[in-house]
There are 2 protein chains.
Amino acid sequence: MPDSKPKPAEAPAKILRRSSLPTLADVAREAGVSKMAASSALNGGQNSARVSAETRERVLAAAQRLQYRPNANALALTSRRTNAIGFITTLMGKDPNAYFLEVFGGVIQGAMATQQTTAVFTLSSWDEAPTRIPALCDGRVDGLIVLAPRLEDDGQAWLPQHTPMVSVHASGSWRAGGVNFETDDEAGAYEMVRQMFALGHRRILHVGGPAGYPSADSRANGYLRAHADAGVALPPDHVLRVPFTTEGGREAMQAWLQRHRGQPLPEAVFGGSDAIAIGCMEALVARGLNVPRDISVVGFDHTLLARTLQMAAVRQPLHEMGHQAVEVLVQLIEASRRDEAYAGPSNIVLLPETVAGRTLTEARQAPLLIS
Amino acid sequence: MPDSKPKPAEAPAKILRRSSLPTLADVAREAGVSKMAASSALNGGQNSARVSAETRERVLAAAQRLQYRPNANALALTSRRTNAIGFITTLMGKDPNAYFLEVFGGVIQGAMATQQTTAVFTLSSWDEAPTRIPALCDGRVDGLIVLAPRLEDDGQAWLPQHTPMVSVHASGSWRAGGVNFETDDEAGAYEMVRQMFALGHRRILHVGGPAGYPSADSRANGYLRAHADAGVALPPDHVLRVPFTTEGGREAMQAWLQRHRGQPLPEAVFGGSDAIAIGCMEALVARGLNVPRDISVVGFDHTLLARTLQMAAVRQPLHEMGHQAVEVLVQLIEASRRDEAYAGPSNIVLLPETVAGRTLTEARQAPLLIS
DNA sequence: GTGAAAGCGCTAACAC
DNA sequence: GTGTTAGCGCTTTCAC
């Protein structure tokens with residue numbers, strides 16, 4: 001074997017690096033053995049009879065010296081697996097959103113647990129999905145997790161059939177991909193309102209998310225059903241639908257208070273999301289009201305925002321969803337690799353739970369009037 | 001052209017996929033041409049004379065039919081570039097943190113701008129760095145961004161020399177990697193306190209981060225220097241050092257108020273981070289005080305939390321740091337590829353700015369007493 | 001205009 | 001125990 005290749009000079013102090021990673025061939029040369037010997041010395045078990053202890057020693061030393069790492073791409077090419085999963089989401093504008101963060105945390109954790117790495121791919125809009133998603137199914141990851149896709153069609157026509165996929169909160173028709181995770185929003189809202197009734201609240205203002213969003217609609221439905229089941233009459237103009245933002249909640253609340261001056265203040269506000277609830281709180285506080293002494297406020301999702309404020313809220317198990325999504329995805333990947341069908345359910349519904357917080361207390365006895 | 005290949009039956013309800021991606025060979029076979037012809041038909045410009053228009057047509061159609069995508073690993077192996085960057089951070093416990101989210105948003109954006117994808121790697125502690133980071137330098141990414149590394153040594157001994165690296169807020173000695181980004185915390189704190197003085201505040205309580213953290217120390221120093229420069233005497237017991245958490249701020253604030261009962265309430269609180277400031281606000285509000293009517297509160301970082309609450313704060317340009325980190329990393333990668341030295345500075349200091357918010361107003365005239 | 005061959009870095013399957 | 005070969009999917013020579 002020709003040994004003419006010049007040994008790389010010691011890297012100077014400036015930021016100048018070898019342009020390429022050391023290869024197995026480098027290690028073998030350094031150790032004076034064949035690539036094969038080097039490979040088995042590095043991979044074989046401690047007691048593999050493949051190489052002599054002396055050779056292994058030399059190879060290991062050489063690898064160490066060169067800071068050798070087997071090339072991930074070569075490995076992936078041969079083994080047909082990357083041990084990486086992709087996480088697709090729409091870009092959170094300049095402002096990151098807490099919802100993404102929660103699920104992402106779960107994904108990261110799930111990935112760690114299953115020894116995978118996570119690659120994040122962002123779309124600027126779901127309109128890009130039909131072109132961008134297929135492009136990501138090129139062997140760079142073993143499978144994909146798609147966060148809250150919102151599409152016109154069901155993806156049957158353009159979704160590659162060869163990359164396992166799990167969606168979280170897929171809306172509408174998207175189901176072609178594989179397994180989907182969702183939350184029983186209706187039940188969560190129902191339970192929260194039920195508990196608020198138990199605390200003596202009767203006039204609960206619902207400031208929900210935009211009409212047309214499945215999750216927002218479900219939450220509003222749960223709110224309504226709780227009233228019906230409890231036999232509590234719904235006061236007029238007590239369901240608002242606003243964008244899923246702090247501003248949405250704040251402005252709607254301000255306008256509502258303005259509109260209902262002189263009338264009794266509701267005992268509580270049920271926000272359609274944490275952000276909405278926070279916006280409502282701000283409007284209430286700005287008006288000199290005290291939460292929860294004068295009025296209770298609860299949110300939905302119980303994201304970082306709610307936790308930081310110790311706000312009562314319906315908790316969506318976002319973290320768990322991310323975590324479980326990875327686990328299911330890994331099963332899909334395994335099944336796919338063996339050309340087997342995946343046996344589990346294709347739609348997994350997780351249950352939300354209510355979380356107490358400083359913003360929700362018993363309803364006050366004497367009703368206040370809106371000033 | 002053999003058309004005998006069984007058309008994949010309409011995917012049954014069960015989730016069963018081809019275990020492998022279609023390859024160039026598949027496309028060539030489907031189109032009845034050689035791999036070579038297929039390759040040039042797919043890659044050559046529209047008017048490349050390499051293949052006939054008719055052949056190109058056939059190949060393109062076949063590729064479409066098979067949903068063919070060139071294998072990313074094979075490409076990476078040949079081209080020695082993955083167009084991916086890695087982002088290394090310590091795992092945010094179960095609770096994700098807003099700091100990470102900000103920087104990450106910038107990284108994602110920078111990656112989109114430079115057509116890179118981002119892989120996220122999490123360590124459970126920086127102790128793992130010497131073993132885990134080298135393992136990530138295996139060609140799976142073209143370079144690495146390391147978020148807030150906190151290490152004993154400088155990494156010289158174990159950091160691979162062959163993977164370009166950029167750090168953000170590297171603490172202490174880590175500098176071996178390449179370029180580092182940091183914020184001038186001292187200047188940010190100084191400026192904020194100066195502005196508070198201008199609003200009439202004189203007794204400002206600083207609830208800072210833990211002693212020993214460079215950023216926390218710098219902020220405290222800025223606070224002190226502002227006092228010195230303005231000739232404002234520092235009241236006793238007006239600098240606290242607590243963990244960078246809401247609880248840290250809340251508990252410290254509670255205890256402090258308890259400790260100083262009957263004494264005049266400070267006109268303002270300067271939190272060492274957003275979370276700390278929020279904790280302080282909670283403690284103040286719990287005591288029946290109104291922010292900012294009775295007392296102003298400002299934070300540091302101006303993360304999502306601060307923005308949501310419209311809290312005044314020193315804004316660290318975290319998003320920009322992430323974004324710029326990618327840009328610099330790409331330059332390092334390019335330099336490395338050409339075996340050139342990187343010319344730019346190895347430490348980049350960004351300036352923070354103050355952001356107004358609802359929690360900071362002019363100091364009240366009549367001092368309150370702590371009840 | 002088209003095809004065959006070599007090689008990217010690696011491992012599994014065979015010689016010796 | 002050690003070396004050689006082939007092949008993962010692709011592109012880049014180089015022949016035809």
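Proteins get letters first, then strands, A, B, ... in listed order; numbering begins at 1 in each. Note that these values count all heavy atoms, side chains included, but never hydrogens, waters or copies made by symmetry.
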A:R81 CZ to C:dT11 C1', straight-line distance once rounded to whole Å:
16 Å
Give a yes/no on whether any side-chain N or O of A:R56 is located under 4.0 angstrom from OP1 or OP2 of D:dG1.
no
Figure out the CZ/P separation between A:R80 and D:dC10, and round it to whole Å.
10 Å
Side-chain N,O (B:S52) to OP1/OP2 (C:dG1) below 4.0 Å
no
Assign each of B:A37 and A:R69 to its nearest nucleotide of DNA chain C by heavy atoms, then name whichever residue's nucleotide is nearer the 5' end.
B:A37
Distance in angstrom units between B:L42 CG and D:dT12 P, rounded:
13 Å
Closest to side chain of A:Y68, choosing from D:dT2, C:dC10, D:dG3:
C:dC10
Okay, side chain of A:S34, backbone of A:A37: is any donor-acceptor separation there less than 3.5 Å?
yes
What is the distance, rounded to the nearest whole Å, between atom CG of B:D26 and atom P of D:dG9?
8 Å
For A:N43 and C:dT11, is the shortest distance between a side-chain N/O and OP1 or OP2 below 4.0 Å?
yes
Respond yes when some side-chain nitrogen or oxygen of B:S40 is under 4.0 Å from OP1 or OP2 of C:dT2, and no when none is.
no
Please name all residues satisfying side chain to side chain donor-acceptor pair (under 3.5 Å) with A:E327, sequence neighbours left out, ordered by chain then number.
A:H323
Can you sort out which residues in residues 72-79 of chain A have a heavy atom within less than 4.0 Å of DNA chain D? Ascending by number, please.
A:L77, A:T78
Specify the separation, in whole Å, of atom CG of B:L24 and atom P of D:dG7.
17 Å
When B:Q116 is tested against each of B:I85, B:V107, B:I108 for side chain to side chain contact (heavy atoms under 4.5 Å, CB included), which residue passes?
B:I85
Rounded distance (Å) that lies between atom P of C:dC10 and atom CZ of A:R29
12 Å
Can you name the residues that form a side chain to side chain contact (heavy atoms under 4.5 Å, CB included) with B:A72, not counting sequence neighbours?
A:D138, A:R140
With sequence neighbours excluded, what pairs up with B:R150 under the side chain to side chain donor-acceptor pair (under 3.5 Å) test?
none
Quick note, salt bridge (charged side-chain N to carboxylate O under 4.0 Å, His left out) partners involving residues 81-90 of chain B, not counting sequence neighbours, are B:R81-B:E334
How long is the line joining CZ of A:R58 and P of D:dG1, in whole Å?
15 Å
Could you tell me whether the side chain of B:Q161 and the main chain of B:L159 form a donor-acceptor pair under 3.5 Å?
yes
Set of side chain to side chain donor-acceptor pair (under 3.5 Å) partners for A:S171, sequence neighbours left out:
none
Could you pull out all residues at least two apart from A:D142 that satisfy side chain to side chain donor-acceptor pair (under 3.5 Å)?
A:T82
Phosphate-side-chain proximity, B:S39 and D:dT11, N/O vs OP1/OP2 below 4.0 Å
yes
Angle by which the axis turns from one end of the helix from C:dG1-D:dC16 to C:dC16-D:dG1 to the other, five pairs per end, to 10 degrees:
60°
From CE of A:M36 across to P of D:dT4 the rounded distance in Å is 12 Å
Taking side chain to side chain contact (heavy atoms under 4.5 Å, CB included) as the test, write out the residues that go with A:D127, two or more places apart.
A:S125
